[in-house]
Number of protein chains: 2
Amino acid sequence: MNNFDFHNPTRILFGKGRIADLNEQLGADAKVLILYGGGSAERTGVLAQVREALVGRTLIEFGGIEPNPRYATALKAVEMIGQNDVTFLLAVGGGSVIDATKFIAAAAMYDGDPWEILTSRGCVVTEAMPFATVLTLPATGSEMNSGAVITNPEKGAKLPFSSPHCYPVFSILDPETTYTLPARQIANGVVDPFVHIVEQYLTYPSDARVQDGFAETLLRTLIELGPKALQMPEDYNIRANLMWTATLALNGLIGAGVPQDWATHMIGHEITALNGTDHARTLAIVLPALLQDQRGPKRDKLLQYASNVWDIHDGSDDTRIDAAIDATRAFFEQMGIKTRLGDYDVGAAEIERIVTALQDHDMTTLGEHGAIAPSDARRILKAAA
Amino acid sequence: MNNFDFHNPTRILFGKGRIADLNEQLGADAKVLILYGGGSAERTGVLAQVREALVGRTLIEFGGIEPNPRYATALKAVEMIGQNDVTFLLAVGGGSVIDATKFIAAAAMYDGDPWEILTSRGCVVTEAMPFATVLTLPATGSEMNSGAVITNPEKGAKLPFSSPHCYPVFSILDPETTYTLPARQIANGVVDPFVHIVEQYLTYPSDARVQDGFAETLLRTLIELGPKALQMPEDYNIRANLMWTATLALNGLIGAGVPQDWATHMIGHEITALNGTDHARTLAIVLPALLQDQRGPKRDKLLQYASNVWDIHDGSDDTRIDAAIDATRAFFEQMGIKTRLGDYDVGAAEIERIVTALQDHDMTTLGEHGAIAPSDARRILKAAA
């Protein structure tokens, strides 16, 4: 096991009816800016629950945060904070709204050009406004971590940042808010955490029994319950288990003390930056091809994955590895997510643009060994064609 | 899954050589009181590492905290804090030293008779001094939770308290500090977390896949590595996995959203209060007898435990349950811990005193259904004779 730090101060309020507990989490004097997305929070009644819980407070609202949240949009919210003496931010939505809120919380306190938050080597964020979340779309894990990804279409860039100052103070997770999600979002909300877990698990052995066992539990939960969530959208326990799984997939716990990969994410980000494909779908495209390509360095963990996640025990090592990768692809397809670049109209020319973008964004030493260069990414992307 | 709150703000610094990182975790002006136990922290060199890491600071020390830490001892430390303008407490040791430090941190800020902290219904602690830990004996999980147990021999009482103000600010977990533990402490450090996990897992099904899977991972890790730790005391990865398992066994994670039992602990505390038996040993006595006694209400989870923890798949339901309980007892014995009251000179007369003590301490509705009365505890204890 490697040395590690683990610190996650976010308070989770989980379960039915928990939005009603919102008011008591906030200081009496908090001046709250509610941030949300494109209208689903209004349509599903979640925003109404939030306003009801906070009745009597002066609320300011900022809607219209888009999927793959944009830098320019975030800056408009920063401006609104300054004009209204806002002291607390409340994100109501999924990973995009929460990621935007993290960036807004940091940018509002940042002396200098906020673009530096996304582009500086090392962490330049020294403080951030306090913020909390009401999660309506479990997928990214942003509700219990300190990372965010912001898109700047003018620059063709989708860039991550993180800061220890950017953990939500609290997050409210009510599985019932997810009943109305369309199938596409349910599928994304299963595949995205699946790949988050794989990025922290499927590397090379480091004798971290607890982290491995936890990762395998989370993967098996997604495999078993993901398809059922599509069939039974209002089964509370299915939604509750999936929601908690997605949070634990990326809250630092399973990644503590183990090698991590993240190449699939970095390549996937470039696909989204190029053509706007849903984040989870880019991961479903890249991962199976990457696992095949990296089956040498990942051999021991691929065999463990085949056995402990997929119950594949028969045949030679290579046969079992092939079966596990095939099962992974089949699972994504079963969730209704296509796994080939061609399914998303990304052809040979676009592959070259993705490879160039990786080079431009210094994504030249990807993977747990730092050994995946843009030329390797080209080979992986061609295999995913 | 039940509704739950989860919040654990303790920072973990895990791994080789992490005591050297102690100084940077403390404010420049912190006036630190180091608390420790009976001499092993000195003998093993851990205290020397701590002093070395904090060289240049004015340090005050309070040694002599006993196993099953005593109320009167804790009050002496509180007095020392007042006399020396101490601002930060640093516990160096195992669960006893850390538990005492939690109580001292709360008592030092408490207006009124500190005995109320242990005896009041509801939580009376509204603030506590900041404190941290350097863990040398993984077992109780106290390094990453907010609970403590204090013994008052004059009153024949061993009483728990907890407060959200009593999480360590940080805890340093260096597995190498555990190499010198005697076999008895290693065994306690495996059996204590084992029973912590069982208390949160082996109740009745609540469709909490993640919590169940995590609990099963932790139990399997203890079963596999516990005996190896006795054979290979300086194997780093064995110690690291056991140390992290003991912490996660009682940091709130696996108990979030599930029913909990704790009857074994409450009965065990009375055994220790009566005759000073090691906490873990009292659990090893009570648990197998309690599982047999409660096999009806716990039936579904006992079958899951047999299958997922012990790989017992053959035979009737009752056969598999018997085999799982037998395996549990055999595991404790394999760790060198006797599992019968007679092994500790506790006879029929003492059983009656334990039953009376449960009654006196209002421990009259134990277990996940609140259905274990002192008369039921008598039956369980007689079965453990």
Side-chain angles (χ1 to χ4, degrees), chain A residues 1-18 21 144 164 167 169-171 173-175 205-222 224-225 235-249 251-254 256-257 308, chain B residues 1-18 21 25 144 164 167 169-171 173-175 205-222 224-225 235-249 251-254 256-257:
Chain A
M1 200 187 303
N2 301 335
N3 282 10
F4 65 84
D5 280 21
F6 177 79
H7 182 227
N8 193 319
T10 300
R11 177 187 301 275
I12 299 294
L13 290 81
F14 190 100
K16 292 182 190 180
R18 297 308 302 274
D21 299 332
M144 201 184 183
Y167 284 95
V169 178
F170 63 89
S171 284
L173 280 61
D174 179 347
S206 61
D207 204 351
R209 312 285 178 108
V210 173
Q211 294 88 326
D212 279 5
F214 283 16
E216 289 160 359
T217 289
L218 297 174
L219 291 171
R220 288 196 306 265
T221 302
L222 293 170
E224 189 176 342
L225 298 185
D235 182 303
Y236 181 80
N237 276 331
I238 289 173
R239 290 310 175 97
N241 278 293
L242 288 177
M243 200 171 204
W244 193 217
T245 295
T247 300
L248 292 171
N251 80 336
L253 183 67
I254 64 168
N308 295 0
Chain B
M1 200 187 303
N2 302 335
N3 283 10
F4 65 84
D5 280 21
F6 178 79
H7 181 228
N8 193 319
T10 301
R11 178 186 301 276
I12 299 293
L13 290 79
F14 190 101
K16 290 181 192 181
R18 298 308 301 273
D21 299 333
Q25 297 294 321
M144 200 185 184
Y167 284 96
V169 178
F170 64 88
S171 285
L173 280 61
D174 179 348
S206 60
D207 205 350
R209 312 285 178 106
V210 173
Q211 294 89 325
D212 279 5
F214 282 16
E216 290 159 0
T217 289
L218 297 175
L219 291 171
R220 287 195 307 265
T221 302
L222 293 171
E224 190 176 342
L225 299 186
D235 182 301
Y236 181 81
N237 276 330
I238 289 174
R239 290 309 176 98
N241 278 292
L242 288 177
M243 199 169 203
W244 193 216
T245 295
T247 300
L248 292 171
N251 80 336
L253 183 67
I254 64 168

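Order of the sequence lines fixes the chain letters, A, B, ..., with proteins taken first and strands second; residue numbering starts at 1 for each chain.
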Taking side chain as everything from C-beta outward and backbone as N, CA, C, O, which of these in F170(B) sits under 4.5 Å from a heavy atom of chain A? Side chain, backbone, both or neither. neither
Starting at CZ of R209(A), measure out to CZ of R220(B) and round the result to the nearest 0.5 Å. 11.0 Å
Counting distance only, does the side-chain N/O of N237(A) pair as donor-acceptor with the main-chain N or O of M1(B) below 3.5 Å? yes
Leading residue by heavy atom contact count with chain B [cutoff under 4.5 Å; candidates L225(A), V210(A), N241(A), L248(A)]: N241(A)
For a quick test of reading the model, state the closest non-hydrogen atom pair linking F4(A) to W244(B) and the distance between them. CZ-CE2, 3.6 Å
Residue part contacting chain B, namely of E216(A), when any heavy atom lies under 4.5 Å: neither
Give, for atom CG of N3(A) and atom CG of D21(B), the distance between the pair rounded to the nearest 0.5 Å. 8.5 Å
Taking every heavy-atom pair that is under 4.5 Å apart, which of N8(B), I12(B), T10(B) has the most such pairs with chain A? I12(B)
Between F214(B) and L218(A), is there a side-chain heavy-atom distance shorter than 4.5 Å? yes
Counting heavy-atom pairs closer than 4.5 Å to chain A, which one of I238(B), N2(B), D5(B), L253(B) comes out on top? D5(B)
Side chain / backbone / both / neither for R18(A) at chain B, heavy atoms under 4.5 Å: side chain
Would you mind reporting whether F6(A) and M144(B) have side-chain heavy atoms less than 4.5 Å apart? yes
Partner residues of D212(B) under the salt bridge (charged side-chain N to carboxylate O under 4.0 Å, His left out) criterion, sequence neighbours left out: K301(B)
Could you tell me which residues satisfy salt bridge (charged side-chain N to carboxylate O under 4.0 Å, His left out) with R11(A), sequence neighbours excluded, listed by chain and number? none
At a 4.5 Å cut-off on heavy atoms, which part of Y167(A) comes close to chain B: side chain, backbone, both, or neither? neither
Please classify the contact of L173(A) with chain B as side chain, backbone, both or neither, using a heavy-atom distance under 4.5 Å. neither
